[in-house]
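In what follows, a structure is listed as structure tokens, so that the remarks can point back to it.
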Amino acid sequence: MVKQTAGQEQLGEFAPQFAKLNDDVLFGEVWSKEKELSAHDRSMITIASIISAGNLEQLNAHLKIGKKNGITKEEIIAEITHLSFYAGWPKAWSAFNRAKEIWTD
């Protein structure tokens with residue numbers, strides 16, 4: 001897995017401890033444990049959590065990560081459709097608008 005540096009790049013000067021935890025612990029230790037869960041599955045779980053919580057500011061980045069981790073257009077459509085009944089129709093609608101920009105092929 002490629003070393004995550006978004007924390008340092010976006011918040012390193014403002015919130016250095018948070019940036020370090022984001023890059024080194026969350027992505028460096030948790031996301032890198034592919035034996036327990038594949039990157040694909042972690043992305044599916046993370047995207048579902050973000051949509052369910054309504055934290056759509058973070059969704060674009062994780063949709064892009066998910067696509068890099070092998071989530072197909074069909075899988076993301078099925079995931080968001082499934083979530084619409086549990087997380088809410090407006091959240092799913094917003095997620096679809098973002099997903100269709102990333103899965104354009």
Side-chain angles (χ1 to χ4, degrees):
M1 181 170 213
V2 176
K3 169 92 169 101
Q4 177 64 263
T5 59
Q8 287 299 319
E9 292 167 6
Q10 296 176 29
L11 293 173
E13 287 185 33
F14 186 75
Q17 182 182 23
F18 182 84
K20 183 172 177 48
L21 290 169
N22 180 82
D23 295 351
D24 297 344
V25 178
L26 175 58
F27 285 97
E29 294 179 26
V30 176
W31 270 82
S32 66
K33 291 183 140 189
E34 298 242 0
K35 183 177 179 184
E36 293 85 354
L37 283 171
S38 68
H40 174 278
D41 292 348
R42 285 184 197 279
S43 283
M44 293 287 283
I45 293 165
T46 302
I47 290 166
S49 296
I50 289 170
I51 293 169
S52 295
N55 297 324
L56 300 176
E57 183 179 340
Q58 302 297 315
L59 187 56
N60 279 7
H62 280 283
L63 289 171
K64 289 175 185 173
I65 291 168
K67 187 174 182 184
K68 285 182 189 175
N69 288 336
I71 296 175
T72 66
K73 180 179 176 181
E74 292 75 20
E75 287 174 319
I76 200 65
I77 291 169
E79 179 176 28
I80 297 169
T81 301
H82 186 79
L83 283 169
S84 70
F85 292 95
Y86 293 92
W89 207 260
K91 289 176 185 173
W93 194 275
S94 295
F96 271 127
N97 283 331
R98 287 165 172 80
K100 74 179 184 180
E101 294 172 3
I102 293 165
W103 278 269
T104 57
D105 48 315

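Both Leu56 and Leu63 are assigned to one and the same hydrophobic cluster, defined by single-linkage of ILVMFWY side chains at heavy-atom distances under 4.5 Å. Neither Leu37 nor Ile47 shares a network with the other; the hydrophobic side chains, linked directly or stepwise wherever heavy atoms of I, L, V, M, F, W or Y lie under 4.5 Å apart, form separate groups for each. At a threshold of 4.5 Å between side-chain heavy atoms, the hydrophobic network of Ile, Leu, Val, Met, Phe, Trp and Tyr places Ile50 and Ile77 in one connected group. There is no path of hydrophobic side-chain contacts, each under 4.5 Å, that joins Ile45 to Leu59.
Within a 6.0 Å radius of CD in Gln17, other residues, nucleotides and ligands contribute 12 heavy atoms or fewer. Counting non-hydrogen atoms of other residues, nucleotides and ligands closer than 6.0 Å to NZ of Lys67 gives a total above 12.
Between Ser32 and Gly28, the shortest heavy-atom distance links the atoms OG-O, 2.6 Å. Residue Ala19 comes nearest to Gln8 through the heavy atom pair CB-NE2, 3.6 Å, listed as atom of the first residue, atom of the second, then distance. Of all heavy-atom pairs spanning Glu101 and Asn97, the tightest one is CG-O, 3.4 Å. Nearest heavy atoms, Ile102 versus Lys64: CD1-CG, 3.8 Å. Lys91 and Ser52 get closest at one heavy-atom pair: NZ-O, 2.7 Å. Between Glu29 and Lys33, the shortest heavy-atom contact is O-CG, 3.2 Å.
Between Ile65 and Thr46 there is no side-chain heavy-atom pair separated by less than 4.5 Å. The closest side-chain heavy-atom distance from Trp31 to Val25 is not below 4.5 Å. Within the 4.5 Å cutoff, the side chain of Ile80 has heavy atoms near those of the Ile51 side chain. Within the 4.5 Å cutoff, the side chain of Ile76 has no heavy atoms near those of the Phe96 side chain.
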- Task: Evaluate the side chain to side chain contact (heavy atoms under 4.5 Å, CB included) criterion for residues Arg42 and Glu36: first the C-alpha distance (whole Å), next the side-chain angles of each, then the deciding distance (0.1 Å), finally the verdict.
- Result: CA-CA 10 Å; Arg42 285 184 197 279; Glu36 293 85 354; 4.2 Å; yes
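Formation of a donor-acceptor pair under 3.5 Å by the Glu75 side chain with backbone atoms of Thr72 is found in this model. When atom types are taken as modelled, the side chain of Asp23 and the backbone of Gly7 share a donor-acceptor pair closer than 3.5 angstrom. At least one donor-acceptor pair closer than 3.5 Å links the side chain of Trp103 to the backbone N or O of Ile71.
Note: Phe85 and Trp89 have perpendicular aromatic rings, judged against thresholds of 30 and 60 degrees for the angle between ring planes.
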